[in-house]
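Here the structure is laid out as structure tokens; the discussion comes afterwards.
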Amino acid sequence: MSVVDVHAHLLLPELHAAVERYSPSGVAAAAELELRRNGAESQAHSGPMLGARIPKLTRLDARLAAMDAQGVDRQWVSVSPNHFYPWAEEGLAVWIAREANRAVAAHTAAAADRLVGLGVVPLQHPERIVECLDDAILGRGLAGVEISSFAGPAPREDGSESPRVELSDPRLEPFWARAAELGAVVFLHPFGCSLDERLDRFYLANTVGQPAENAVALSHLIFAGVLDRHPGLRVVAAHGGGYLPTAIGRSDRAWRVRPEAAGCAEPPSAYLRRLWFDTVVHDAAALRHLIEVAGADRVLLGSDFPFDMGLDDPAREVAADLAAEGFGEDEIAAVLGGSAEGLLRRSA
């Protein structure tokens, strides 16, 4: 049985240093926003946590050694979401995407039998996304791209704000069409939360913000009919899709009784079996429910490697949770790696 972790990150210090040289004011404004969103206490704890994990985030040997210790055969590697740079102006944003794609490709190619790479696209510039998707898939041989739950509004250097881009934005239609055509994996991983300062204490920016952002982003995809128009999409949602799978009945109710919520062809719950989800839910009962509503073939092992909010021993922890919840060997094998390998074969 192959064990595949679809949620593992790569940090690119050289890229960040270059971005800071090109736009010191943009990096400073983004850091100020992060402090406002997360709060000083969380930022003070996150610094040392991140520092202790730099080797695993940057060095191939440390990554492979950790995978061996975890019993993980393959990782899908995506950049740490701080490399989205949603505030970057068009030219810089496209350069960042191409450089990130190059760096991910180089890192994963050094252990091609163990690592699968996911690139990035500039979500805040819809008119440039397709070319960056092509760069990732066709130019660099990556399996897909990682995107955030939304982009903007973000401050620009001229003092204006970029427009918000939701995943239902009509300007993204060419991106969804091209991703489906290429069979690219689209890994949905939020960065930041639009609730901002309401979550600036108790680490709510992560514990509440991430699940909320996943639920909002997936709801935009579903209710706008994106999955109807592009049935070949391979969207994988981090953090088990957040709150949406556990509260999907409320979405179904709105679809039945509210005309403005009837933009998709079927009840929203039907689309959970057209999406894929990772296992980073931190609760055995929630994981059982996710498999019940989406199917074992749609739930993929994920760890959020190597951050503290991830799973330290993903394969063994998830296998134990699933066994305790009564799932059989075939379902456990599907979640631990079979479904992820099948998804890549479908995307190839």
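All residue numbers refer to positions in the sequence shown, counting from 1. Computed from heavy atoms alone, side chains included, the values below leave out hydrogens, waters and symmetry copies.
- When the side chains of ILVMFWY residues are joined at heavy-atom separations under 4.5 Å, either directly or via intervening members, L343 and V280 end up in two distinct hydrophobic clusters.
- Atom CD of E32 has 12 or fewer neighbouring heavy atoms from other residues, nucleotides or ligands inside a 6.0 Å radius.
- The shortest distance between side-chain heavy atoms of V335 and L300 does not fall below 4.5 Å.
- Here the CG-CG distance, from L275 to L233, works out to 9.0 Å after rounding to the nearest 0.5 Å.
- Distance check: I291 CD1 to D297 CG gives 10.0 Å after rounding to the nearest 0.5 Å.
- How far CG of D135 is from CZ of R98: 4.5 Å, rounded to the nearest 0.5 Å.
- Between F277 and L244 there is no side-chain heavy-atom pair separated by less than 4.5 Å.
- Residues I248 and L272 meet the side-chain proximity criterion, which asks for heavy atoms closer than 4.5 Å.
- Within the 4.5 Å cutoff, side-chain heavy atoms of R114 are placed close to those of L64.
- Between L336 atom CG and E331 atom CD the span is 11.5 Å, to the nearest 0.5 Å.
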| task | I would like to know whether D252 and S269 meet side chain to side chain donor-acceptor pair (under 3.5 Å); could you show each step before the answer? | result | CA-CA 6 Å; D252 281 357; S269 58; 2.6 Å; yes
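- At a threshold of 4.5 Å between non-hydrogen side-chain atoms, the residues I129 and V145 do not count as touching.
- Grouping the Ile, Leu, Val, Met, Phe, Trp and Tyr side chains by contacts below 4.5 angstrom, directly or via other members, places V27 with V120.
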| task | Start with the C-alpha gap between D278 and H239, add the side-chain angles, then the distance that decides, and say whether side chain to side chain donor-acceptor pair (under 3.5 Å) holds. | result | CA-CA 6 Å; D278 77 9; H239 318 123; 5.7 Å; no
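- Side-chain atoms of E213 and S194, non-hydrogen and from C-beta on, do get closer than 4.5 Å to each other.
- Minimum heavy-atom separation, G302 to T279: N-OG1, 3.0 Å.
- The side-chain heavy atoms of F305 and H7, taken from C-beta on, include no pair separated by under 4.5 Å.
- Crowding of R253 atom CZ: a count of heavy atoms from other residues, nucleotides or ligands under 6.0 Å not exceeding 12.
- Ring orientation note: the planes of W87 and Y85 are nearly perpendicular, at an angle over 60° on the 30°/60° scale.
- For E181, the CD atom sits in a packed shell: over 12 heavy atoms of surrounding residues, nucleotides or ligands are nearer than 6.0 Å.
- With rounding to the nearest 0.5 angstrom, the CG atom of L10 is 11.0 Å from the CG atom of L118.
- Under 4.0 Å is where a charged nitrogen must lie from a carboxylate oxygen, and between R63 and D68 no such pair does.
- Proximity of S149 to E166: side-chain heavy atoms (C-beta onward) are nowhere separated by under 4.5 Å.
- Tracing side-chain contacts under 4.5 Å through hydrophobic residues (I, L, V, M, F, W, Y), one reaches V281 starting from I332; they form part of the same cluster.
- Closest heavy-atom contact between L290 and G240: CD1-O, 3.8 Å.
- How far OG of S148 is from CG of L167: 8.0 Å, rounded to the nearest 0.5 Å.
- In the hydrophobic clustering of this structure, F175 does not group with V94; members are Ile, Leu, Val, Met, Phe, Trp, Tyr whose side-chain heavy atoms approach within less than 4.5 Å, directly or through other members.
- Note on D134 versus R178: salt bridge recorded, some NZ/NE/NH1/NH2 to OD/OE distance being below 4.0 Å.
- Ring centroids of Y22 and W95 are separated by less than 6.0 Å, placing the two rings close together.
- A salt bridge does not link D283 with R288: none of the charged nitrogens is closer than 4.0 Å to a carboxylate oxygen.
- Under the 4.5 Å side-chain contact rule for hydrophobic residues, W255 and V216 do not share a cluster.
- Here E90 pairs with R128 in a salt bridge; the nearest charged N to carboxylate O distance falls below 4.0 Å.
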